[in-house]
Amino acid sequence: MNHEAKLIRQLHLCDPKFDFHYLNVNLSFNQTTVKKFSIAIHGGAGTLLKSEMNPKSESKYREALSKALAKGYFILESGGSALDAVTASVVYLEDCPLFNAGKGSVFTSKGTQEMDASIMDGKTQDAGAVAMVRRIKNPVLLARTVLEKSEHLMLAGKGAELFAKKQGIKRVSEDYFFTKQRYKQLLVAKENNEITLDHDSRKFGTVGAVAFDQQNCLAAATSTGGMTNKKFGRIGDTPIIGSGTWADNSTCAISCTGSGEYFMRMNVAFHVACIMKYAKLSLEESVHKVIHELLPTINGDGGLIAVDANGNLCLDFNTEGMYRAYQKNGEKAVISIFKEEK
């Protein structure tokens with residue numbers, strides 16, 4: 001059995017239901033010294049108050065974040081690419097009904113799901129994005145397939161779904177996406193004639209991941225189910241390269257979560273990278289300037305996760321909380337939800 005086959009077997013022993021076969025595994029098993037690597041993930045930002053979350057629910061979210069982080073970390077630890085790591089972590093979050101992406105996607109006004117996703121390779125700055133896709137089990141895998149096999153960067157709606165069919169991307173029935181919690185949110189939103197973000201207007205349910213691998217490469221991926229009761233084919237910042245997702249080996253990789261309209265207006269992800277590149281500020285300083293100084297000028301709220309070209313991580317937000325987790329090589333994983341855990 002070769003090294004690649006052994007890795008796939010180990011991954012399935014770790015989680016038999018998780019499909020790793022989409023990964024372009026290229027790992028180094030004979031390294032004498034493990035180089036620096038790091039990864040961060042998020043599951044949405046908003047008014048997340050400890051006083052409003054029961055211990056059982058909090059435990060479920062922390063466990064899900066821990067498992068999603070572990071998927072990507074294992075790949076990085078084994079010498080795999082940042083692109084594979086962010087893909088694996090986001091796939092897990094899409095498969096978890098707790099988060100507004102993939103299986104946990106919220107309902108549109110028509111009682112369906114319209115999902116967006118994007119992914120970007122910091123080494124080549126190649127990217128792939130999809131918008132308004134339905135019945136796609138893992139939109140991030142479709143976005144990655146656009147990156148690797150399409151002459152275009154972004155595909156939307158029926159065209160994206162036709163491309164998915166031709167590429168053999170897994171489709172599921174609409175029943176797969178049904179959860180009582182999400183359906184209840186739709187009924188409440190319709191009754192109040194509102195368009196809401198995930199649980200309510202105070203919670204942004206995007207998921208995402210950023211990573212820095214042992215080859216000194218960066219990558220980012222983001223996925224979302226959009227807004228509850230949304231109409232007219234609304235698309236947020238998640239599939240917009242530069243707004244919701246960005247990766248460039250010379251600066252940073254970023255995945256955003258927040259009020260999409262504001263993140264698009266501010267071009268948040270690329271804005272952070274530009275401040276780093278031209279103002280010569282650190283990752284932390286650049287993120288702080290955008291999240292706490294610039295976004296508030298247009299009443300924008302939310303957060304982001306970021307990693308720079310040296311593997312330094314920054315997870316920041318201007319809301320009461322953000323589902324988030326990170327881990328660096330040789331260090332323990334850190335799982336957080338609330339603002340006071342910063």
Hey, are the side chains of [X] and [Y] touching, using non-hydrogen atoms and a 4.5 Å cut-off?
X: Gln327; Y: Val334; answer: no
X: Ile305; Y: Tyr326; answer: no
X: Ile254; Y: Cys256; answer: yes
X: Lys170; Y: Ile136; answer: no
X: Ser150; Y: Thr145; answer: no
X: Met120; Y: Gln125; answer: yes
X: Leu218; Y: Val210; answer: no

Side-chain donor/acceptor of [X] to backbone N/O of [Y], under 3.5 Å:
X: Arg324; Y: Met322; answer: yes
X: Asp116; Y: Pro239; answer: no
X: Asn318; Y: Gly302; answer: yes
X: Arg135; Y: Val172; answer: yes
X: Ser89; Y: Ala68; answer: yes
X: Glu58; Y: Met53; answer: no
X: Ser59; Y: Lys56; answer: no
X: Ser78; Y: Phe74; answer: yes
X: Glu63; Y: Lys60; answer: no
X: Asn100; Y: Val106; answer: yes

Is there a donor-acceptor contact under 3.5 Å linking the side chains of [X] and [Y]?
X: Asp95; Y: Asn138; answer: yes
X: Ser255; Y: His42; answer: yes
X: Thr245; Y: Thr222; answer: yes
X: Asn267; Y: Ser243; answer: yes
X: Asp301; Y: Ser259; answer: yes
X: Asp248; Y: Ser250; answer: yes

I'd like to know if [Y] and [X] are part of one continuous hydrophobic network [Ile/Leu/Val/Met/Phe/Trp/Tyr, side-chain heavy atoms within less than 4.5 Å].
X: Leu153; Y: Trp246; answer: yes
X: Leu304; Y: Leu283; answer: yes
X: Val207; Y: Ile335; answer: yes
X: Met264; Y: Val290; answer: no
X: Val272; Y: Ile298; answer: yes

Between CG on residue Asp308 and SG on residue Cys252, distance to nearest 0.5 Å: 8.0 Å
Value rounded to 0.5 Å, distance of CZ in Phe317 from OG1 in Thr257: 11.0 Å
Please report the closest heavy-atom contact between [X] and [Y], naming both atoms and the distance.
X: Val133; Y: Val130; result: CG1-CB, 4.0 Å
X: Lys328; Y: Ser38; result: CG-CB, 3.9 Å
X: Gly303; Y: Ala45; result: N-CB, 4.2 Å
X: Val140; Y: Glu94; result: N-OE2, 3.0 Å
X: Ala221; Y: Val86; result: CB-CG2, 4.0 Å
X: Leu76; Y: Ser81; result: CD2-O, 4.0 Å

Lys/Arg N to Asp/Glu carboxylate O, Lys289 vs Glu285, below 4.0 Å: no
Val268/Leu295 under side-chain contact (heavy atoms from CB on, under 4.5 Å): CA gap, chis, key distance, verdict: CA-CA 8 Å; Val268 166; Leu295 258 181; 4.2 Å; yes
Check against side-chain contact (heavy atoms from CB on, under 4.5 Å), Lys137 and Lys103: CA-CA 7 Å; Lys137 183 177 184 290; Lys103 184 172 177 59; over 6 Å; no
Sequence neighbours excluded, every pair satisfying salt bridge (Lys or Arg N to Asp or Glu O under 4.0 Å) that has a member inside residues 210-228: none
Pairs satisfying salt bridge (Lys or Arg N to Asp or Glu O under 4.0 Å), at least one member in residues 255-271, at least two apart: Arg234-Glu261
Return all side-chain donor-acceptor pairs below 3.5 angstrom for residues 158-169, not counting sequence neighbours, or 'none' if the list is empty.
from: Glu161; atom 1: OE2; to: Arg134; atom 2: N; distance (Å): 2.7

Ring centre gap for Phe37 and Tyr73 strictly below 6.0 Å: yes
From CA spacing to verdict: side-chain contact (heavy atoms from CB on, under 4.5 Å), Phe99, Tyr61: CA-CA 9 Å; Phe99 303 100; Tyr61 276 107; 3.7 Å; yes
Criterion side-chain contact (heavy atoms from CB on, under 4.5 Å) on Met115 and Thr224, from CA distance to verdict: CA-CA 6 Å; Met115 299 167 286; Thr224 187; over 6 Å; no
